[in-house]
Each structure stands twice: as structure tokens, then as C-alpha cells.
Amino acid sequence: MTLTADTVTAQRLEELLADQSIPAVHRTLWLLLWEAEQPVLELLSLDVRDVEFDRFSERAAGFLRELAEDRDSGPVFAVGERSLTWEEAVQAAHDQGHGIHAFRTGGKRSRQAR
């Protein structure tokens, strides 16, 4: 059994966000989990037409705009024509040594430390 970190540090998040070999769909999800109090499945179900960019930081809104591209509908977290699945999100985080919820935990701890 492989153990994963239960939280992500700010430094680690920055490393992951800068890693262009990781698909933008995952990096964006991780950033939103870090910044927002929204559950993973809620984020995965976002539709482009429902995104209120001003609800997010300028940085997160930029990541979201990159994912949305020129689309006016459809899943924000798209992989081709379909939505990113829970299993894919979990696996991508695991591949980097983290549980998917570690991004929310890290963000929450970071906000509390301020």
C-alpha cells in the first residue's frame, strides 16, 4: 500500500502548478481545491456556463479560462468531450504522492495560518 501525504504545502502546490507535464485540468482542480471550500465532486460537476469567474482569485480565474477556452457550455473539467471523472482526479493526485483531499486540507491550513 502506498501512503500519500494528508496535506499539500504551499511550496508543493506551486511546484505542481508549474509542472507543465501535468495536464491543466488537474492543476486547475488542485488550485481550486486549495483556494475554495468546495468539495471535489462539486467542482467536477461545474459547467462552463455556470462559472462565475469573479468568485475565484485572479490566478484561479485564469486557470479556469484556460480550461474553458472558447467554449460557452460543457464541463469545465473536460477530458475531450466528457467530464474528468472522480477516479481520474484521485489517480492524478495519487501519482503526485497526494490524496485528492490533501489539496483542500493544505489550503485550509494555509488560510488558518494567516
Side-chain angles (χ1 to χ4, degrees):
M1 173 182 213
T2 303
L3 296 177
T4 57
D6 66 345
T7 190
V8 174
T9 65
Q11 179 180 348
R12 179 65 176 144
L13 177 68
E14 291 304 319
E15 291 169 2
L16 292 168
L17 295 179
D19 187 342
Q20 297 295 310
S21 70
I22 300 170
V25 68
H26 296 294
R27 291 183 289 125
T28 304
L29 178 62
W30 298 339
L31 178 58
L32 293 183
L33 287 169
W34 177 274
E35 290 188 359
E37 289 293 321
Q38 291 180 272
V40 178
L41 290 175
E42 189 175 309
L43 290 172
L44 290 177
S45 68
L46 280 175
D47 189 281
V48 171
R49 67 179 162 246
D50 299 326
V51 174
E52 298 172 24
F53 291 101
D54 59 345
R55 284 189 47 215
F56 300 99
S57 72
E58 188 174 317
R59 183 178 192 191
F63 272 71
L64 283 166
R65 284 186 181 94
E66 179 183 333
L67 284 185
E69 297 181 48
D70 296 329
R71 296 180 293 133
D72 56 5
S73 67
V76 170
F77 295 97
V79 178
E81 296 292 318
R82 64 174 178 77
S83 296
L84 179 69
T85 67
W86 165 260
E87 292 80 10
E88 291 168 326
V90 168
Q91 186 61 54
H94 184 268
D95 289 348
Q96 299 304 319
H98 302 287
I100 191 68
H101 297 295
F103 293 93
R104 276 184 65 195
T105 303
K108 186 174 185 176
R109 287 182 181 171
S110 176
R111 288 186 297 279
Q112 289 173 344
R114 288 185 205 157

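Start at 1 with the first residue, then count along the sequence.
The cationic group of Arg65 lies under 6.0 Å from the six-membered ring centre of Phe53 and within 45° of the ring axis, placing it in a cation-pi geometry.
Residues Pro39 and Arg104 form a side-chain contact, since some pair of their non-hydrogen atoms from C-beta on lies under 4.5 Å apart. Side-chain contact between Val48 and Asp72: absent, with no pair of heavy atoms (C-beta onward) separated by less than 4.5 Å. The shortest side-chain heavy-atom distance between Trp34 and Ser110 falls under the 4.5 Å cut-off.
Once rounded to the nearest 0.5 Å, the distance linking CG of Leu32 with CD of Glu42 reads 11.0 Å. Taking NE2 of His26 as the reference point, atom CG of Leu31 lies at 14.5 Å (rounded to 0.5 Å). Summarising the geometry, atom CG belonging to Leu43 is positioned 9.5 Å from atom CD1 belonging to Ile100; distances are rounded to the nearest 0.5 Å. Trp30 contributes atom CH2, which lies 8.0 Å from atom NE2 of His98 (distance to the nearest 0.5 angstrom). Remark: Gln38 CD to Leu29 CG distance equals 10.5 Å, nearest 0.5 Å. Note that the CG atom of Asp19 and the CD1 atom of Ile22 stand 4.0 Å from one another [nearest 0.5 Å].
Side chain of Asp47 to main chain of Gly74: a donor-acceptor pair is present (N/O by atom type, distance under 3.5 Å, no hydrogens or angles).
Across all non-hydrogen atoms, the minimal contact from Leu17 to Gln20 is O-NE2, 4.3 Å. Scanning all heavy atoms of the two residues, the minimum distance from Ala78 to Val25 falls at O-CG2, 4.0 Å. Heavy atoms only, all atoms of each residue included: Glu88 and Ser83 are closest at OE1-O, 4.3 Å. Considering every non-hydrogen atom in both Ala36 and Arg111, the closest pair reads O-NH2, 4.2 Å.
Of the charged side-chain nitrogens involved, none lies within less than 4.0 Å of a carboxylate oxygen, so that Arg27 and Glu14 do not count as a salt-bridged pair. Between Glu35 and Arg55 there is no salt bridge, since no side-chain nitrogen of the basic residue lies less than 4.0 Å from a carboxylate oxygen of the acidic one.
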Query raised in the report: Can Gln96 and Arg12 be said to form a side chain to side chain contact (heavy atoms under 4.5 Å, CB included), step by step?
Result: CA-CA 10 Å; Gln96 299 304 319; Arg12 179 65 176 144; 3.7 Å; yes
Requested in this report: Go through Thr28 and Glu66 one step at a time and tell me if the side chain to side chain contact (heavy atoms under 4.5 Å, CB included) criterion holds.
Outcome: CA-CA 9 Å; Thr28 304; Glu66 179 183 333; over 6 Å; no
Query raised in the report: Step by step, would you call Val40 with Phe103 a side chain to side chain contact (heavy atoms under 4.5 Å, CB included)?
Result: CA-CA 10 Å; Val40 178; Phe103 293 93; over 6 Å; no
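Annotation: Gln11, atom CD; neighbour count of heavy atoms from other residues, nucleotides and ligands within 6.0 Å does not exceed 12.
Ring geometry for Trp86 versus His101: interplanar angle of 30 to 60°, hence tilted.
The side chain to side chain contact (heavy atoms under 4.5 Å, CB included) test with Thr105 is passed by exactly one of Thr7, Leu33, Val8: Thr7.
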